[in-house]
There are 2 protein chains.
Amino acid sequence: MTPEDLHPVSPSCADCPIRHRAVCARCDERELGVLESIKYYRSFEAGQMVIWSGDKMDFVASVVSGIATLTQTLEDGRTQMVGLLLPSDFVGRPGREFAPYNISATTDLMMCCFRKKPFEDLMFRTPHIAQRLLEMTLDELDSAREWMLLLGRKTAREKLASLLAIVARRDASVKLCATRGRMIFDLPLTREAMADYLGLTLETVSRQISALKREGIIELEGKRHITVPDFDRLLNEAGDDSDGGMLS
Amino acid sequence: MTPEDLHPVSPSCADCPIRHRAVCARCDERELGVLESIKYYRSFEAGQMVIWSGDKMDFVASVVSGIATLTQTLEDGRTQMVGLLLPSDFVGRPGREFAPYNISATTDLMMCCFRKKPFEDLMFRTPHIAQRLLEMTLDELDSAREWMLLLGRKTAREKLASLLAIVARRDASVKLCATRGRMIFDLPLTREAMADYLGLTLETVSRQISALKREGIIELEGKRHITVPDFDRLLNEAGDDSDGGMLS
DNA sequence: GGCACTCTTTGATTTGGGTCAAGGTTTTGC
DNA sequence: GCAAAACCTTGACCCAAATCAAAGAGTGCC
């Protein structure tokens, strides 16, 4: 498969990401006008909290640039990442008043937000917006369930290979690489964040990355810059049947 | 909390479960008429497959009675349950042609099905149906993410306690028990099914159940009939912050 | 009643990944 | 340019849960 195959939807959007991810294709001028009037941008620095679990969340948003994570924690501090938000991903729940998990910026982050109440009003008046959101939510649910398989049944090595495959697939910069099967990208996560996503410890993540490097499945320059010489070989380590869904 | 608190929505529905779970409150006569005309019932025996992952799925459905499970498997046979369907739960995805996982009956099962195409048509014409489905899907997503925390970060004992707490909460028969905090119910799953749900082996499940019994946190009569003398004590073993969401 | 089957329990042993500890490397801030 | 902090790697050791093995319990069928 070529890198182009991996990006059926352009990740760039001149105006606002929600246009193509959630609504644009079927929106008329009036609806776009409403969206314009209720939107605002917020930026966050790497490490900053966007919202705490349980806090009031009076907006929905999509990621313009940068990476955000959704995490849940037990009282004793064990934490599990339950979602990774890359540019163009949507977050927020019409009909929910409080955030169900922590959202934090792992890199510098720009979000395009819409005030929740008027967004909900628009959604109730505009069936195709609710339908598009339903589709997106079903996709997220599929991803979450794919992730349950990973957390419950994959080995540490398979977990790492799966994560690298997902990031490679979604990272826009892989497009720059022309050689068939070869992919180059930067890991957007620290070892600790990867561990939280994969249900491992950071030491195990580090060891598995070293092992994949030692065996030539990945090449590593610095701590974050990764080259995958043969994407199919990486997928093979991930333990999935063929390439699978693994959207976000 | 009293057993009644656990069942804010009546699990019984004279006509069809989807009425109260998905649409009924806001449906008019004409919409209910359409639903009537496209619905049919299917029953399955314990152990029977409802649908295989990847097969064409031309219906959506809700569970009338019995238990069904959603599972995903790796080629080498490792399997992970990704959802448990109890009476009144909905399954199926408008806009998706193929089933993304195996659905199977773990007990005798009755489902109320709606042919997909006309259901989708109705949904497109009827905004509140799409909106209700969106709400339900968001709830499912929250449950899936709660489960990710369990799979990634909880110990075997905490996993078992969490599962027992969920089943106790959802099982209708707990209503029959009056004593505050005391709950009696039947496990609807084999040890192996529990293991697949929890990302454990069946031996570990068995050992943990024995341990909980030995310590008086549960009482066990036969293999399936469980008494929880003190529900709060069970929750305490589950490791959650207070009682949490843990819907299904 | 007894055989066959499925489900469950329990024990012995192994092992993958966690924990603890030390040191290396990169980034940030002054 | 140096110190501190953050992040990462590697090693030694340990333990929770997996694996392997055997036997008990319940159920249905002839």
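Quick note on labels: first sequence line is chain A, next is B, and so on, each numbered from 1. Predicted model, so just to flag it, every value in this text is computed and none were measured.
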Does the base of C/dG11 carry an N or O that pairs as donor and acceptor with the side chain of B/Arg207 under 3.5 Å?
yes

A/Glu203 (side chain) and C/dC20 (base): donor-acceptor pair under 3.5 Å:
yes

With a sphere of 6.0 Å drawn around CD of A/Glu203, does it hold more than 12 non-hydrogen atoms of other residues, nucleotides or ligands?
yes

For the salt bridge (charged side-chain N to carboxylate O under 4.0 Å, His left out) test, which of A/Lys159, A/Lys154, A/Arg157 pairs with A/Glu237?
A/Arg157

State which of C/dT8, D/dC8, C/dT10 makes the closest approach to the side chain of B/Arg224.
C/dT8

Applying a 4.0 Å non-hydrogen cut-off, can you work out what [X] is touching in the nucleic acid: base, sugar-phosphate, or nothing?
X        : result
B/Ile209 : nothing
B/Thr190 : sugar-phosphate
A/Gly47  : nothing
B/Arg157 : nothing
B/Ser206 : base

Phosphate OP1/OP2 of [N]: any [X] side-chain N/O under 4.0 Å:
X        : N      : value
A/Thr204 : C/dG16 : no
B/Thr201 : D/dA18 : yes
B/Thr155 : D/dA16 : no

Roughly, in whole Å, what's the span from [atom1] in [X] to [atom2] in [N]?
X        : N      : atom1 : atom2 : value
B/Glu221 : D/dG26 : CD    : P     : 11 Å
A/Leu198 : C/dG16 : CG    : C1'   : 15 Å
B/Ile218 : C/dT9  : CD1   : C1'   : 14 Å
B/Leu202 : C/dC7  : CG    : C1'   : 9 Å
B/Arg191 : D/dG26 : CZ    : C1'   : 13 Å
A/Lys223 : D/dC7  : NZ    : C1'   : 6 Å
B/Arg78  : C/dG16 : CZ    : P     : 13 Å
A/Gln208 : C/dG16 : CD    : C1'   : 9 Å

Can you work out whether B/Leu200 or A/Ser210 has the more 5'-proximal nearest nucleotide on DNA chain D?
A/Ser210

Would you mind checking if A/Glu215 and A/Arg233 are paired as a salt bridge, meaning a charged N to carboxylate O distance below 4.0 Å?
no

Can a salt bridge be assigned to the pair A/Asp139 and B/Arg93 using a cut-off of 4.0 Å between side-chain N and carboxylate O?
no

Closest approach of A/Ala68 and A/Ile103, non-hydrogen atoms and distance?
CB-CG2, 4.4 Å

